[in-house]
Amino acid sequence: MASGGPSLTGTLNKKKKPFLGMPAPLGYVPGLGRGATGFTTRSDIGPARDANDPVDDRHAPPGKRTVGDQMKKNQADDDDEDLNDTNYDEFNGYAGSLFSSGPYEKDDEEADAIYAALDKRMDERRKDRREQREKEEIEKYRMERPKIQQQFSDLKRKLSEVTEEEWLSIPEVGDARNKRQRNPRYEKLTPVPDSFFAKHLQTGEQHTSVDPRQTQFSGLTSPYPGGLNSPYPGGMTPGLMTPGSGELDMRKIGQARNTLMDMRLSQVSDSVSGQTVVDPKGYLTDLNSMIPTHGGDINDIKKARLLLKSVRETNPHHPPAWIASARLEEVTGKLQVARNLIMKGTEMCPKSEDVWLEAARLQPGDTAKAVVANAVRHLPQSVRIYIRAAELETDIRAKKRVLRKALEHVPNSVRLWKAAVELEEPEDARIMLSRAVECCPTSVELWLALARLETYENARKVLNKARENIPTDRHIWITAAKLEEANGNTQMVEKIIDRAITSLRANGVEINREQWIQDAEECDRAGSVATCQAIIRAVIGIGVEEEDRKHAWMEDAESCISHGALECARAIYAHSLQVFPSKKSVWLRAAYFEKNYGTRESLEALLQRAVAHCPKAEVLWLMGAKSKWLAGDVPAARSILALAFQANPNSEEIWLAAVKLESENNEYERARRLLAKARSSAPTARVFMKSVKLEWVLGDITRARELCDEALKHYEDFPKLWMMKGQIEDQVENIEKARESYNQGLKKCPHSSPLWLLLSRLEEKAGNLTRARAILEKARLKNPQNPELWLESVRLEYRAGLKNISNTLMAKALQECSSSGILWAEAVFLEARPQRKTKSVDALKKCEHDPHVLLAVAKLFWSERKITKAREWFHRTVKIDPDLGDAWALFYKFELQHGTEEQHEDVKRRCENAEPRHGELWCEVSKDIKNWQRKIGEILMLVAAQIKNTF
């Protein structure tokens, strides 16, 4: 038995499962593995409870007494930090607030404020750059992908031109509702016409014959119940029928209404003067504008009335209260109440000028005179009341009588004397003024008026007395100088002005330079030239630092020219030239002034003095020679240039001027000899170029080629020589040699746009469109952001009929050269007509002051037949850039078509004065060797003749 015990125990242990009696693992659900999930009943989780039900704990604290409060607390407890790895970022840390459950203390608040300030500071530092970058990105994005709104902007602008009828004629959009919903049957009310009433009124009359229908209904029985009664009872009202007939007369109702209106209008007419107070046609609108319509306005007036009444009662001797009360009643239309109030005010404030004047204003004619007479009795020294009394008089004699009476009481009033003198004849005025200056010896105006009316000798005496009485006024001195000048004593003018400056300084008067220059300008406008010049000489140096003199004086001269005071400007230039005789810039400004505003003689005299002081200034010699040449005095021009040679030996400008003088006067051999001398003594690229040009225009092509080759040995980097060589070959139709010349030139001068353009046009002319396109692409690569090359590329495609490609190229060109005026001007006319206006607005935004854009806008208005606007824009263009020949040619063509003869002659004259040298169309004609001797006016007419209105 002893040996069998352990074996039995081992057998039992084998049958027993090892997990029995052990705790269940975490998350173990019994039966889940075999699908026995079980179920839950209401008894397991308790009854359903409303959020407002009380909790089981009867002594729960406030905020925890309902089921809803408990649920909120549990939800808040569950809202802890999410410290999961998926919520962690290497740079920012955890996404939520790591310590949100902790208490928020004052230290935390300070730290948050510091961090916020730092963030704000850092944001401000980067703000400008970030905003600039964002703006550029947005603009770039908008340029590449414009909004639909922008694409339709021009059409939306056109909506302003749609008339009301066109709006109403636009069909409605389709409606998806069914027929009953689309067409609901509303109650239709149709006004009954007058004929209906007239017809049925007649049915109420008595009949003397039997209606045939009545026999059908057995005798006199009517088909309508009630026998012969009208089916419309009440139609026989006496007011709707005229006495003679039973017809309704609507016309008489209208006449009665008009009669009533006339009666009301006659009631509001003024029976005293016979004039209607209100306009009968617009009296309703007048009443509406006078009488407050809103309740708020009426309440405000009531408040103001009460307030002013309170002021009058508390302080009855306060004049503004009475005036304000009267004006309030006047505004509200109660004129009589206003008059009564102001008259009461004159009783309470008899010494107030303002109250009396207000009373005179409010009262009608004769009553106003009585009021003013009463005012004079109370205020015999009031000038304003006397002036008002004179204004009320209609007769000149009565006015004079009032003013003379006033002067008896107030003899020292300048205003009264001036008003009285204005009414008198010259002789009587002189007598009155002699008395006036005795009574008012300090009035400069009265002294000067008297001096103007006196004779020369008496005027001198008067002005001397005036100077004694008023030693501090400059106008008396200036008038004295003008008086002497008017009487031929010009030598006294300088002395008087110098004495004036000395005397005024002695009397403590500050000499204000600007005021004196203004006085000089007034003298200039009045024709007192000597006085004007004397004032300029006397005051021009006052208050100007020595180093600033030249700059300040040139500004003063420009200011005088802008004000039209040419003699003042001439005097300033003359004084400046005395102080700075060796300054070339001052001589040039003076010379240009004389050229624009003076005579030929004054210009030549000035230039003679100029070259004596500045013999090295080539431009002054050339201006003198040109002036003589334009006057037809060729020998004098030659002598001036000879003197210029002596002063400036080997000067390129003077050599070329001499050549031009001879060639323009058909002295070709002399011109050739001069150029040969120039090439030997002063060989420059321009001298060689002019030599080639002279031989070319004279038809000696062989000599021109030789000279060109010789020049290119010395100046192979001068592009104009290569251009001329290519054009000479092109002229004789030697295409290969022309192409070779241009290609050689481009190797030496790859950045010369005209060379590229000439080569491209040569290939296009020869029919090699692909080669021309390739040349322009190569040119654009070597010369990026060059608008002339882009423009030629666009035009090349357009001339070839490839409009889509030309538009694409233009878009690229505007991206690369966004501020190029010639590209924007071309882009306007590449658009279809409806889009041109929008494009021109964009062009003006990008290139506001570019002459090509302004010219394109002028052409646009011309094409739309807006003549006045087109003329205005042409004027702007030639003002901004007078050197642009195309603008002058288009302007001239425009005036030929739409202007008068005087207008196109004016354009031609202004063009000749401006002497334009540039412009695409202009250069085509002016550089053509056929037109080498033509004047500016002739070239203008030729260019205008070539322009066609195809834009």
Side-chain angles (χ1 to χ4, degrees), residues 474-475 477-479 481-486 488-494 496-498 500 512-544 549-581 583-611 613-614 619-620 623-624 626-628 630-631 875 878-879 882 906 909-915:
R474 68 183 190 280
H475 291 104
W477 291 96
I478 293 171
T479 306
K482 286 161 80 175
L483 177 68
E484 295 297 340
E485 184 184 353
N489 296 335
T490 49
Q491 70 274 11
M492 284 293 295
V493 173
E494 193 88 30
I496 289 171
I497 296 298
D498 290 340
N512 187 319
R513 183 169 172 277
E514 281 72 25
Q515 285 181 351
W516 279 87
I517 290 176
Q518 285 178 6
D519 293 334
E521 289 178 3
E522 287 174 13
C523 292
D524 188 357
R525 284 191 279 272
S528 303
V529 176
T531 307
C532 143
Q533 292 173 344
I535 291 172
I536 291 293
R537 283 193 291 273
V539 302
I540 193 71
I542 295 172
V544 182
R549 285 185 302 176
K550 180 187 160 192
H551 180 67
W553 292 348
M554 293 303 104
E555 281 189 351
D556 290 336
E558 292 295 329
S559 171
C560 291
I561 292 169
S562 66
H563 296 152
L566 301 180
E567 291 300 331
C568 286
R570 190 171 277 118
I572 292 171
Y573 281 128
H575 184 78
S576 305
L577 291 170
Q578 286 177 359
V579 179
F580 304 110
K583 288 284 185 184
K584 173 183 157 187
S585 59
V586 179
W587 284 109
L588 265 177
R589 281 176 179 252
Y592 283 123
F593 169 76
E594 291 296 345
K595 181 184 174 186
N596 292 327
Y597 302 104
T599 60
R600 186 174 62 83
E601 289 77 13
S602 65
L603 172 62
E604 289 173 2
L606 180 79
L607 288 169
Q608 281 180 358
R609 288 167 49 216
V611 295
H613 286 94
C614 302
V619 66
L620 295 172
M623 283 180 76
K626 187 173 183 181
S627 177
K628 290 288 186 187
L630 290 174
H875 277 297
V878 296
K879 188 176 181 182
D906 178 58
R909 180 182 51 77
R910 286 169 61 196
C911 177
E912 287 171 346
N913 291 337
E915 296 183 0

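Keep in mind it's a predicted model, so treat the numbers as computed, not measured.
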Participant: CG of Leu588 to NZ of Lys583: how many Å apart, nearest 0.5 Å?
Facilitator: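 Result: 13.0 Å between the selected atoms.
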
Participant: Atom CG in Asn596, atom CG in Asn913: separation rounded to 0.5 Å?
Facilitator: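 Spacing of CG (Asn596) from CG (Asn913) equals 8.0 Å.
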
Participant: Any chance you could measure Ile572, atom CD1, to Glu558, atom CD, to the nearest 0.5 Å?
Facilitator: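 The CD1 atom of Ile572 sits 10.0 Å away from the CD atom of Glu558.
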
Participant: Could you walk me through whether Arg537 and Glu494 pass the side-chain contact (heavy atoms from CB on, under 4.5 Å) check?
Facilitator: CA-CA 9 Å; Arg537 283 193 291 273; Glu494 193 88 30; 2.7 Å; yes

Participant: Stepwise, does the side-chain contact (heavy atoms from CB on, under 4.5 Å) test hold for Arg589 with Ser576?
Facilitator: CA-CA 11 Å; Arg589 281 176 179 252; Ser576 305; over 6 Å; no

Participant: State whether Arg525 and Glu522 are salt-bridged, where the test is any N-O pair (Lys NZ or Arg NE/NH1/NH2 against Asp/Glu carboxylate O) under 4.0 Å.
Facilitator: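 Judged by the 4.0 Å cut-off on N to carboxylate O distance, Arg525 and Glu522 do not form a salt bridge.
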
Participant: Between Arg549 and His575, does a side-chain contact (heavy atoms from CB on, under 4.5 Å) hold up when you go through it step by step?
Facilitator: CA-CA 11 Å; Arg549 285 185 302 176; His575 184 78; over 6 Å; no

Participant: Is a side-chain N or O of Trp516 found less than 3.5 angstrom from the main chain of Ile535, in a donor-acceptor match?
Facilitator: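 Not at all, since once roles are kept as given, no pair shorter than 3.5 Å links the two residues.
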
Participant: Start with the C-alpha gap between Arg609 and Leu606, add the side-chain angles, then the distance that decides, and say whether side-chain contact (heavy atoms from CB on, under 4.5 Å) holds.
Facilitator: CA-CA 5 Å; Arg609 288 167 49 216; Leu606 180 79; 3.9 Å; yes

Participant: Cys568 pairs by side chain to side chain contact (heavy atoms under 4.5 Å, CB included) with which of Ile517, Ile561, Asp556, Asp524?
Facilitator: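 So the option named by the test is Asp524.
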
Participant: Trp587 vs His613 aromatic rings, parallel, tilted or perpendicular, using cut-offs 30° and 60°?
Facilitator: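 Rings of Trp587 and His613: parallel, under 30°.
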
Participant: How far does CD1 of Ile536 sit from CD of Glu521, to the nearest 0.5 angstrom?
Facilitator: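 With rounding to 0.5 Å, CD1 (Ile536) is 7.5 Å from CD (Glu521).
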
